[in-house]
Undergrad: 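Quick one: the structure is below, questions incoming.
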Amino acid sequence: MFSQNLREMLDLALFWEYRQILLAGLAFNFYVFAASALVAVSLGFLAALGRVNPLRPLRWLGAIHVETFRNAPDYVMLVWVHFVLPLLLSQMLGQRITFAPFVSAVIALGLVYSGYLAETFRTGIQAVPKGQVEAARACGMGGALIMRRIILPQAVRMMLPEAMNNFVSLFKATTIVSLITVPDLMYRVSMVTQQEMRPLPLYTGAAITYFLLIWVVAALARAGSERWRRKIWA
């Protein structure tokens, strides 16, 4: 009797029954991921340039950015950006400001993962032999041209595996955005659970979906990046 009840509770047919609603929620995970990744890459690259800049104030700014956001927990930053930052801005600007949940999620996750990506970018940039940079300068190339033609092509290849790990972690972090009512997969699962009162199959289905998706994407990303690097360096 106990095993029969357990099988009924874990029957994933209920999860499948609501697949269209839940897939629409999963799409929000991808939207948040794509927008956050764009913010993280942009800010992370600027912070990395600051970290390797010869000017001390710019190096300090880059270091402050990295240490602040890399050490900020995803959940804390998400709540702070959504609930506290609008209040601060409202006080400063003298008018009521609110952020849509989606915007808050993108800002929070983009800031946090820009800290991780900044260190990945910095490591890749500094791994390029200095002799190549000095030779480019001796040939009359400017700083921007050296970055674009000499440093970035090599740095991107070297930092690709670590950057892929950062992106996989960023996608995992999108699973907490339901806390501020972004209608992602977990948010919709909780809504269906309130209606059906059967949390086991629904949350188990969500966990299996996330696990399989992240596992497959991470494996493909690692295989693709390694193959590309071997092809380039062969």
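All values below come from the heavy atoms of this structure, side chains included, with hydrogens, waters and symmetry mates left out. Not measured: the values here are computed from a predicted model.
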Undergrad: Given side chain to side chain contact (heavy atoms under 4.5 Å, CB included), test L49 with M147 step by step and report yes or no.
TA: CA-CA 10 Å; L49 291 181; M147 179 63 71; 3.5 Å; yes
Undergrad: Cluster question for you: counting only ILVMFWY and a side-chain heavy-atom cut-off of under 4.5 Å, with indirect links fine, are V106 and V84 together?
TA: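 They do share one cluster, since a chain of ILVMFWY contacts under 4.5 Å joins V106 to V84.
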Undergrad: If you look at every heavy atom in P54 and R59, which pair is closest and at what distance?
TA: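 It is O-NH1, 2.8 Å.
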Undergrad: Would W60 end up clustered with I125 when hydrophobic side chains under 4.5 Å apart are linked, directly or stepwise?
TA: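 No, W60 does not connect to I125 through the hydrophobic network.
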Undergrad: Does this structure show an ion pair linking E134 with R137, if we count only N-O contacts that are shorter than 4.0 Å?
TA: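 Result for this pair is no, no salt bridge flagged.
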Undergrad: Check whether I176 and F102 end up in the same hydrophobic cluster, where Ile, Leu, Val, Met, Phe, Trp and Tyr are linked by side-chain heavy atoms less than 4.5 Å apart.
TA: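 I176 clusters together with F102.
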Undergrad: Does L117 reach the side chain of E162, with side-chain heavy atoms less than 4.5 Å apart?
TA: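 Heavy-atom side-chain distance check fails, nothing below 4.5 Å.
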Undergrad: On a heavy-atom basis, which atom in A105 and which in I180 lie closest, and how many Å separate them?
TA: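 Taking A105 first and I180 second, the nearest heavy atoms are N-CD1, 4.0 Å.
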Undergrad: Does Y187 form a side chain to side chain contact (heavy atoms under 4.5 Å, CB included) with M191? I'd like the steps, not just the answer.
TA: CA-CA 6 Å; Y187 179 84; M191 293 296 104; 3.9 Å; yes
Undergrad: Going by heavy atoms in the side chains, are L185 and F28 under 4.5 Å from each other?
TA: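 No. Closest side-chain heavy atoms not under 4.5 Å.
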Undergrad: For the CG atom of L152 and the CZ atom of F121, what is their distance to the nearest 0.5 Å?
TA: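 Rounded to the nearest 0.5 Å, the CG-CZ separation comes to 9.5 Å.
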Undergrad: Quick check: Y113 with F69 (ring centres under 6.0 Å apart)?
TA: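 That pair fails the under 6.0 Å test.
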Undergrad: Of all heavy-atom pairs between V177 and L78, which one has the smallest distance, and what is that distance?
TA: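 Taking V177 first and L78 second, the nearest heavy atoms are CA-CD2, 4.0 Å.
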Undergrad: Okay, side chain of S114, backbone of L111: is any donor-acceptor separation there less than 3.5 Å?
TA: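 Answer holds: yes.
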Undergrad: Could you check V32, V217, L213, L109 and say which one makes a side-chain contact (heavy atoms from CB on, under 4.5 Å) with F171?
TA: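 Single side-chain contact (heavy atoms from CB on, under 4.5 Å) partner of F171 among V32, V217, L213, L109: L213.
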Undergrad: Could you check whether atom OH of Y31 has more than 12 heavy atoms from other residues, nucleotides or ligands sitting under 6.0 Å from it?
TA: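 It does not: Y31 OH has 12 such atoms or fewer within range.
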Undergrad: Rounded at 0.5 Å granularity, tell me how far CE in M77 sits from CD1 in I107.
TA: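 These two atoms lie 11.0 Å from each other.
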Undergrad: Before you tell me yes or no, could you show the steps for T193 and R198 under side chain to side chain contact (heavy atoms under 4.5 Å, CB included), namely the whole-Å CA-CA distance, both residues' side-chain angles and the distance that decides it to 0.1 Å?
TA: CA-CA 6 Å; T193 299; R198 292 179 59 192; over 6 Å; no
Undergrad: Which atoms form the tightest heavy-atom contact between H82 and S104, and what is the distance?
TA: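 Answer, listing the atom of H82 first, then S104: ND1-OG, 2.8 Å.
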Undergrad: Count I, L, V, M, F, W, Y as connected when their side-chain heavy atoms are under 4.5 Å apart, and connections chain through other members. Are I151 and L145 then in the same cluster?
TA: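 Yes, same cluster.
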Undergrad: List the atom of F167, the atom of A37, and the distance in Å for their closest heavy-atom pair.
TA: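 Looks like CE2-CB, 4.0 Å.
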Undergrad: Judged by atom type as modelled, is there a donor-acceptor pair below 3.5 Å linking the side chain of R19 to the main-chain atoms of W16?
TA: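 At least one qualifying donor-acceptor pair exists.
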Undergrad: Checking N29 against Y210: is there a side-chain donor and acceptor pair closer than 3.5 Å?
TA: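 Looking only at side-chain atoms, N29 and Y210 do form a donor-acceptor pair, the distance falling under 3.5 Å.
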Undergrad: Determine whether a donor-acceptor pair (N or O, by modelled atom type, separation under 3.5 Å) exists between the side chain of S36 and the backbone of F33.
TA: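 No, because the side chain of S36 does not come within donor-acceptor range (under 3.5 Å) of the backbone of F33.
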Undergrad: Walk me through whether L179 and V79 qualify under side chain to side chain contact (heavy atoms under 4.5 Å, CB included).
TA: CA-CA 8 Å; L179 294 170; V79 172; 5.8 Å; no
Undergrad: Considering residues at least two apart in sequence or located in another chain, which fulfil the side-chain hydrogen bond (donor to acceptor under 3.5 Å, both in side chains) criterion with Y116?
TA: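 Result, side-chain hydrogen bond (donor to acceptor under 3.5 Å, both in side chains) vs Y116: none returned.
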Undergrad: Calculate, to the nearest 0.5 Å, the distance between atoms CG and CG belonging to L46 and L61 respectively.
TA: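 Answer rounded to 0.5 Å: 11.5 Å.
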Undergrad: In Å, rounded to the nearest 0.5 Å, how long is the span from CZ of R51 to NE2 of H65?
TA: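 Spacing of CZ (R51) from NE2 (H65) equals 11.0 Å.
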Undergrad: Do you know which two heavy atoms are closest between K172 and T175, and how far apart they sit?
TA: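 Distance-wise, the nearest heavy atoms are O-OG1, 2.6 Å.
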Undergrad: I want to check something: taking the side chain as every heavy atom from C-beta on, are L14 and E196 in contact at a cut-off of under 4.5 Å?
TA: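 Side-chain contact under 4.5 Å: yes.
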Undergrad: Verify whether one side chain among T120 and N166 offers a donor that lies under 3.5 Å from an acceptor in the other.
TA: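 Yes, a side-chain donor-acceptor pair sits under 3.5 Å.
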Undergrad: Please say whether more than 12 non-hydrogen atoms of neighbouring residues, nucleotides or ligands are located less than 6.0 Å from OH in Y75.
TA: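 It does not: Y75 OH has 12 such atoms or fewer within range.
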Undergrad: Is W215 reachable from M164 through a run of I, L, V, M, F, W or Y residues, each pair having side-chain heavy atoms under 4.5 Å apart?
TA: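 No: no chain of side-chain contacts under 4.5 Å links M164 to W215.
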Undergrad: Is a side-chain donor or acceptor of Q154 paired with a backbone partner of I150 at a separation under 3.5 angstrom?
TA: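 Yes, because the side chain of Q154 sits within donor-acceptor range (under 3.5 Å) of the backbone of I150.
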Undergrad: How far does CG of L23 sit from CZ of R188, to the nearest 0.5 angstrom?
TA: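 It is 10.0 Å, given to the nearest 0.5 Å.
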Undergrad: Drop me the distance from D74's CG to L170's CG, to the nearest 0.5 angstrom.
TA: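 The distance works out to 8.5 Å.
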